[in-house]
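Shown next, in structure tokens, is the structure this report addresses.
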There are 2 protein chains.
Amino acid sequence: MAKQLKKKIDQTTEEKIKIAARKLFTRKGFAAVKTRDIAEEAGINLALLNYYFRSKEKLFKLIMEESFLQFVKGIAEQFNDENTNIDEKIEKLVESYIDLFSQYPDLPLFILSELREHPDAFSSRLDAVTGISRSVFVKQIREAMKNGVYPEMHTFHFLANMMSLIVFPFIGSPMLMKITDISVKQYQEMIQERKKMIPIWIKAMLKSNAYKLIK
Amino acid sequence: MAKQLKKKIDQTTEEKIKIAARKLFTRKGFAAVKTRDIAEEAGINLALLNYYFRSKEKLFKLIMEESFLQFVKGIAEQFNDENTNIDEKIEKLVESYIDLFSQYPDLPLFILSELREHPDAFSSRLDAVTGISRSVFVKQIREAMKNGVYPEMHTFHFLANMMSLIVFPFIGSPMLMKITDISVKQYQEMIQERKKMIPIWIKAMLKSNAYKLIK
DNA sequence: AAGTATTTTAAACAAATGATTAAAACCAAT
DNA sequence: ATTGGTTTTAATCATTTGTTTAAAATACTT
């Protein structure tokens with residue numbers, strides 16, 4: 001098998017298709033993307049898509065799998081680091097996710113849409129993530145609450161709030177930019193600012209003692 | 001023109017189609033929904049869709065328009081109320097949106113996806129919302145910051161944070177439920193809790209003085 | 001009840017779309 | 001150069017899908 005000894009510098013056809021498919025699927029979703037769109041975007045013959053990936057659906061699942069891993073990779077790593085404390089974990093997580101989404105702004109909406117339409121399609125993968133509730137991070141948080149460092153707060157709220165503050169500005173960027181009347185450049189500056197501000201906000205929320213106050 | 005004097009109790013065919021279309025479009029988006037799906041869901045003959053709404057696209061735009069108005073209606077109203085202070089506005093806004101999204105959980109993702117793919121399709125409608133930056137609410141916030149009640153924070157961050165905390169738990173519900181291992185019932189309780197907690201958190205974030213701390 | 005307008009239906013159409021095929025082009029080794 | 005494998009291409013196929021048509025059914029008016 002003399003396999004692509006030629007194109008070592010250039011992208012291989014397989015790569016070109018995957019890159020084009022990832023771009024389009026991530027931006028528009030499975031149903032809105034036609035195989036001919038992918039072929040055109042990749043600059044390849046339509047039949048090559050099936051030659052390399054069998055079907056549109058198989059290609060989509062491949063892209064989805066990779067995107068999903070990219071999405072959750074950071075969590076599993078950071079959440080179980082024994083050598084960092086709560087504050088450090090929050091800072092690292094916020095920074096790495098803001099960097100990731102700055103590079104792939106369509107990624108969050110893509111994953112969350114897919115997860116919403118097919119909640120069970122990734123339950124096996126999510127099991128790896130489910131470990132979150134038993135992660136070092138969550139244990140550290142619970143410990144801190146037990147010791148009175150922070151008031152009580154359900155893990156749901158803590159994780160929801162953290163993810164909210166990180167993810168939403170990417171999902172809602174067109175709306176936020178219109179509403180607040182800022183340029184793309186200003187938007188990107190705001191996003192960068194949030195790397196430092198979100199950890200401060202999270203701590204402020206943790207300390208707010210909201211649970212006692214609502215009773 | 002003798003127009004439907006019969007079905008005053010029952011849903012009219014037009015309504016049945018709209019209800020079915022809204023349900024499917026909101027859940028799966030334009031491209032993933034087939035006209036035959038809508039017809040089946042509505043329990044009507046396929047041709048009636050075109051008879052009443054001309055085309056799939058016209059029907060979609062109609063649904064989209066209504067959904068969008070539903071989405072932004074609350075903002076315009078609450079934001080320009082001269083008779084409520086900052087705290088009251090936040091409380092009302094949080095409560096009305098959590099109620100809205102509890103009833104229509106797919107609405108936020110639907111709107112935000114559409115806005116992301118076609119940012120200009122609603123710029124005319126958003127202009128009505130753009131008034132937000134000149135709203136009573138934003139003026140009140142800026143005033144409070146000028147008077148030292150709250151430290152400085154860009155409107156972008158304030159609005160982004162508020163919308164984040166409200167909207168994300170709906171967008172990310174499948175993921176959040178899996179990760180935190182809670183039931184649908186528990187999830188709904190958490191969501192209700194947030195009505196009271198989010199205003200507290202927002203105030204805590206406002207007071208956190210994050211801008212000074214990051215310098 | 002007859003006549004007229006409106007609504008509904010089954011069938012069909014045309015274009016779009018995912019996939020396949022068979023031949024051509026290409027590549028590396030002999 | 002020839003061979004044997006791999007990759008690419010143009011053409012074609014079979015379904016799906018949005019829409020239309022013409023007839024049937026229904027509702028309303030006189």
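Just so it is clear: chains get the letters A, B, ... in the order the sequence lines come, proteins before strands, and each one is counted from 1.
- Using cut-offs of 30° and 60° on the angle between ring planes, the pair A/His154 and A/His157 is perpendicular.
- The nearest whole Å value for the distance from the CD atom in A/Glu57 to the P atom in D/dT16 is 14 Å.
- Listed candidates were C/dT9, C/dG18, D/dG18. Nearest to the side chain of A/Lys56 is C/dG18.
- Closest approach to the A/Asn50 side chain among D/dT19, C/dA19, D/dT9 is made by C/dA19 (side chain taken as heavy atoms from C-beta onward).
- The side chain of B/Tyr51 has C/dT8 as its nearest neighbour among C/dT8, D/dG18, C/dA10.
- Comparing D/dT21, D/dA10, C/dT8 by their nearest atom to the side chain of A/Ala47 picks out D/dA10.
- In this structure, A/Ile17 atom CD1 and C/dA19 atom C1' are separated by 14 Å, rounded to whole Å.
- Ion pairing between B/Glu189 and B/Lys185 holds under the 4.0 Å rule for side-chain N and carboxylate O.
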**OP:** Under the salt bridge (Lys or Arg N to Asp or Glu O under 4.0 Å) rule, what do B/Asp81 and B/Lys89 come out as? Steps first, then yes or no, please.
**Re:** CA-CA 8 Å; B/Asp81 191 335; B/Lys89 280 196 184 60; 5.7 Å; no
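- Rounded to whole Å, the distance from CZ on A/Phe53 to P on C/dT20 is 15 Å.
- Summary of the strand contacts: A/Arg36 and A/Asn45 both lie near DNA chain D, and taking for each the nucleotide with the nearest heavy atom, the more 5' one is attributed to A/Asn45.
- Side chain of A/Thr35, nearest nucleotide from C/dG18, C/dA19, D/dT8: C/dG18.
- With respect to the salt-bridge test (charged N to carboxylate O, under 4.0 angstrom), the residues B/Lys195 and B/Glu91 do not qualify.
- Atom OH in B/Tyr52 sits about 10 Å away from atom P in C/dT9, given to the nearest Å.
- Under the ring-ring contact (aromatic ring centres under 6.0 Å, His included) criterion, the residue pairs touching residues 75-94 of chain B are B/Phe79-B/Phe137, with sequence neighbours excluded.
- Summarising the geometry, the separation between CG on A/Leu48 and P on D/dA10 is reported as 10 Å, rounded to the nearest angstrom.
- Between B/Glu40 atom CD and C/dT9 atom P the separation is 14 Å, expressed in whole Å.
- One interatomic measurement links the two molecules: CD1 of B/Ile44 to C1' of D/dG18, which rounds to 13 Å at whole-angstrom precision.
- Residue A/Thr13 has no polar side-chain atom (N or O) positioned under 4.0 Å from OP1 or OP2 of D/dT7.
- Heavy atoms of B/Leu49 sit nowhere under 4.0 angstrom from any nucleic acid atom.
- Residue A/Leu59 contributes atom CG, which lies 17 Å from atom P of C/dT17 at whole-angstrom precision.
- The listed nucleotides are C/dT8, D/dT8, C/dG18; the one nearest the side chain of A/Lys34 is C/dG18.
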